[in-house]
Visitor: 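One structure follows; several queries about it will come next.
Residue numbers start at 1 and run along the sequence shown. These figures come from a predicted structure and were not determined experimentally.
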Amino acid sequence: MMSVTKRNIVITLTLVVAISALLWGRISPDKILHEEGKKQVVFLNTADSHGKGEHEHQGGSKLLAQRLKEGIPDLEVLIINGWPEDLSPLKNASTIVVYGDGGGDHFLGTHLRELDNILQKGTGLVMLHFALEIPKGEGGTYFQKWIGGYFETDWSVNPVWTADFQDLPRHSVTNGVKPFEVKDEWYYHMRFTNMMNGITPILQTLPPDSTLNREEGTHSNNKHVRKSVLTDRKPQVVAWAYDRPAGGRGFGFTGGHYHANWQDDNFRKIVLNAIVWTAKIKVPDDGIPSSTPDDAEIESLTKKI
């Protein structure tokens with residue numbers, strides 16, 4: 001005959017197994033497989049937009065995620081499309097990478113306070129290209145708090161131009177990066193924190209005057225940017241690292257419009273290094289190693305039209 005103690009143990013184990021089976025159907029495997037104490041990177045992206053080879057948020061996120069795993073095999077990497085109903089992955093994240101459409105209907109616009117609560121524990125944040133644009137006011141204030149700056153209409157501009165980066169600062173994000181030049185839709189004249197406190201410019205250069213040939217407009221030209229570039233001749237910061245006063249790290253990168261640019265080893269390494277740095281992982285002296293994607297891989301990660 002089974003003793004009362006043994007019978008209770010069997011009943012308890014049976015309940016545990018039953019409850020686990022029920023939960024398995026409700027919780028994503030990514031959440032279940034998260035190992036406490038391991039570093040985790042979470043990508044938040046939106047649907048692709050623009051033409052083929054442009055704003056490839058999903059394909060770009062997949063490529064970066066694959067290269068992170070290639071360089072740091074023990075790193076946990078998760079990709080989520082849009083804002084998740086279950087916030088557990090974000091709460092477990094060491095850093096969050098946002099690569100998606102921004103502007104007036106930015107998908108983070110209705111989740112600012114939720115994300116702020118998550119970031120307050122020191123979680124890193126990386127924002128790429130269009131994700132940097134949010135209306136000024138509450139959204140802009142949060143972006144400055146999280147990453148030090150953002151794209152503000154009637155202040156910042158979004159021309160397509162070839163940026164030449166010859167002078168790179170000494171910083172973990174530039175480890176292993178050599179001078180390079182890339183044609184992209186490099187936003188500039190970003191709205192940074194007062195006196196750029198906490199900000200380290202990573203990529204900066206003086207844009208050619210031709211980038212301000214367009215007519216006056218919310219994204220194209222304004223008197224403030226003309227003074228900065230045409231009159232004052234100030235180099236413009238297009239990628240930066242941010243140390244938050246309250247703890248945590250942020251990174252802004254205005255490139256990323258053209259999917260094929262991930263084939264540039266230095267362009268790609270800057271972003272991979274930044275993701276790792278914001279996760280508070282030591283960046284190797286030579287930067288995060290990653291293989292160069294060939295044309296076939298780039299095509300396979302491009303929207304089908």
Visitor: Would His259 and Glu54 count as having a side-chain donor-acceptor pair, cut-off 3.5 Å?
Guide: no

Visitor: Would you confirm whether the ring centroid of His106 sits within less than 6.0 angstrom of the ring centroid of Phe143?
Guide: yes

Visitor: Could you check whether atom CG of Asp294 has more than 12 heavy atoms from other residues, nucleotides or ligands sitting under 6.0 Å from it?
Guide: yes

Visitor: Cut-off 3.5 Å, side chains only: do Asp295 and Gln263 have a donor facing an acceptor?
Guide: yes

Visitor: Mind telling me whether His224 and Trp155 have parallel, tilted or perpendicular rings, with 30° and 60° as the class edges?
Guide: tilted

Visitor: Classify the side-chain pair Thr153/Thr218 by whether it contains a donor and acceptor separated by less than 3.5 Å.
Guide: no

Visitor: Measure the OG-CD distance between Ser61 and Glu56 for me, rounded to the nearest 0.5 Å.
Guide: 10.5 Å

Visitor: State the CD1-CD distance between Ile288 and Glu70, to the nearest 0.5 angstrom.
Guide: 11.0 Å

Visitor: For a quick check under 3.5 Å, do Asp184 and Asn261 share a side-chain donor-acceptor pair by atom type?
Guide: yes

Visitor: Does the side chain of Thr292 pick up a donor-acceptor pair with the side chain of Asp265 at under 3.5 Å?
Guide: yes

Visitor: Nearest heavy-atom pair of Lys303 and Gly51: which atoms, and what distance?
Guide: NZ-O, 2.9 Å

Visitor: Determine whether the aromatic ring centres of Tyr187 and His129 lie less than 6.0 Å apart.
Guide: yes

Visitor: Counting only N and O atoms by type, is there a donor-acceptor contact under 3.5 Å from the side chain of Thr211 to the main-chain atoms of Pro159?
Guide: no

Visitor: Passes side-chain hydrogen bond (donor to acceptor under 3.5 Å, both in side chains), His55 versus His257? Steps please.
Guide: CA-CA 5 Å; His55 285 214; His257 182 91; 3.0 Å; yes

Visitor: Report the distance from atom OG1 of Thr123 to atom CZ of Arg249, rounding to the nearest 0.5 Å.
Guide: 13.0 Å

Visitor: Does either side chain, that of Trp146 or that of Asp116, offer a donor lying less than 3.5 Å from an acceptor on the other one?
Guide: yes

Visitor: Can you confirm whether Arg170 is buried at CZ, in the sense that more than 12 heavy atoms of other residues, nucleotides or ligands lie under 6.0 Å from that atom?
Guide: no

Visitor: Just how far is it from atom OH of Tyr258 to atom CZ of Phe267, taken to the nearest 0.5 Å?
Guide: 11.5 Å

Visitor: Take a 6.0 Å sphere around NZ of Lys227 and say whether it holds more than 12 heavy atoms from other residues, nucleotides or ligands.
Guide: no

Visitor: Apply ring pair (Phe, Tyr, Trp, His ring centres under 6.0 Å) to Trp240 and Phe251, showing your working.
Guide: CA-CA 6 Å; Trp240 66 93; Phe251 181 75; 7.4 Å; no

Visitor: Among residues at least two apart in sequence or on other chains, which ones pass side chain to side chain donor-acceptor pair (under 3.5 Å) with Arg191?
Guide: Glu152

Visitor: Within a reach of under 6.0 Å around NZ of Lys136, are more than 12 heavy atoms found that belong to other residues, nucleotides or ligands?
Guide: no

Visitor: Assess, by modelled atom type and distance only, whether the side chains of Ser49 and Asp101 contain a donor and an acceptor separated by less than 3.5 Å.
Guide: yes

